[in-house]
Amino acid sequence: MPYDTQEWDDRYRQPGYWAGKEPAEFLREVLPLLPRGRALDLASGEGRNAVYLARQGYQVFAVERSRVGLEKTEALARESGVGCRWVTQLTAAHRHEAPLALVEADLESFTLPAEQFDVVLCFKFLQRPLLPLLHRALRRRGMLVYETHTLEQLKFASGPRNPEFLLQPGELRAAFSAMEILFYSELCAAKGMASLLARKA
Ligand SMILES: C[S@@+](CC[C@H](N)C(=O)[O-])C[C@H]1O[C@@H](n2cnc3c(N)ncnc32)[C@H](O)[C@@H]1O
């Protein structure tokens with residue numbers, strides 16, 4: 001799996017969509033439980049989840065470091081009939097604005113505003129210093145949907161290899177223990193993956 005922006009850009013320049021155009025199955029499953037409103041998709045890739053939430057009526061901010069990934073997101077939005085615009089900040093949305101906002105930013109230095117989002121998504125991405133900021137970015141009763149690889153992934157031939165970007169057993173649940181955990185699983189079957197749905201008190 002690529003590590004730096006250049007590698008992700010090169011990957012995303014290849015034909016098709018690296019993770020597909022359809023949302024993650026876990027997001028589809030939890031959608032009926034999520035509060036309506038403003039959503040933030042962190043490290044949004046080519047936009048499969050951000051475009052899906054925008055299609056469901058959310059005001060979505062997709063934050064991603066790969067310019068090519070965001071351009072693919074823009075193309076997917078157009079193809080899905082979702083209006084989108086490029087922005088530099090996670091500012092409050094106005095009614096007339098497009099439902100999907102694209103933010104080209106490095107999450108190692110980008111500041112997430114406090115208490116702004118009803119839903120925060122993070123799929124297949126782990127940057128440990130960011131974890132406490134996700135809880136802070138949520139509004140009261142807002143929900144976090146997080147799914148990414150665990151160390152168990154190393155038992156399988158493909159997928160990410162660098163342990164720095166793989167969760168320890170129980171790590172995701174422990175990181176959000178201040179929240180109400182509505183669902184948590186760790187799977188080790190064809191892939192090593194932890195999935196979490198949690199609500200801010
Ligand atoms: C495995 S992909 C996941 C994409 C998307 N979340 C999905 O599930 O389809 C990881 C993404 O993280 C992005 N990324 C890595 N480091 C980043 C950073 N510091 N800031 C923003 N995006 C980053 C990469 O460009 C890549 O698009």
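Indexing begins at 1, ligand by ligand and atom by atom, following the structure's order. Nothing here was measured: the structure is a model prediction, and the numbers come from that model.
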[X]: numbered ligand 1 atoms lying under 4.0 Å from its heavy atoms:
X      : result
Arg48  : 7 (C), 8 (O), 9 (O)
Ser44  : 5 (C)
Tyr12  : 2 (S), 26 (C), 27 (O)
Asp106 : 18 (C), 19 (N), 20 (N)
Gly45  : 4 (C), 5 (C), 27 (O)
Lys124 : 1 (C), 2 (S), 3 (C), 10 (C)
Trp18  : 1 (C), 2 (S)

How close do [X] and [Y] get, heavy atom to heavy atom, and via which atoms?
X      : Y      : result
Leu166 : Gln153 : CD2-CB, 4.4 Å
Ser44  : Leu70  : OG-CD2, 4.3 Å
Arg139 : Asp118 : NH1-OD2, 2.9 Å
Arg199 : Leu182 : NH2-CD2, 3.8 Å

Where's the contact between [X] and ligand 1, heavy-atom distance under 4.0 Å: side chain, backbone, both or neither?
X      : value
Trp8   : side chain
Ala105 : backbone
Ala19  : side chain
Glu46  : neither

Say whether, by atom type as modelled, one donor and one acceptor occur between the side chain of [X] and the main chain of [Y] under 3.5 angstrom.
X      : Y      : answer
Arg38  : Gln116 : yes
Glu171 : Gln168 : yes
Gln59  : Ala39  : no

Report the member of Phe125, Phe110, Tyr17, Phe165 with the shortest heavy-atom distance to atom 14 (N) of ligand 1.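 The residue whose heavy atom sits nearest atom 14 (N) of ligand 1 is Phe125.
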May I ask which of Glu147, Glu64, Arg65, Gln6 has a heavy atom nearer to atom 24 (C) of ligand 1 than the others do? Glu64
With a 6.0 Å cut-off on ring centres, are Tyr12 and Tyr17 close enough?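 No, the ring centres sit 6.0 Å or more apart.
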Salt bridge present between Glu164 and Arg128 (N-O < 4.0 angstrom):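 Result for this pair is no, no salt bridge flagged.
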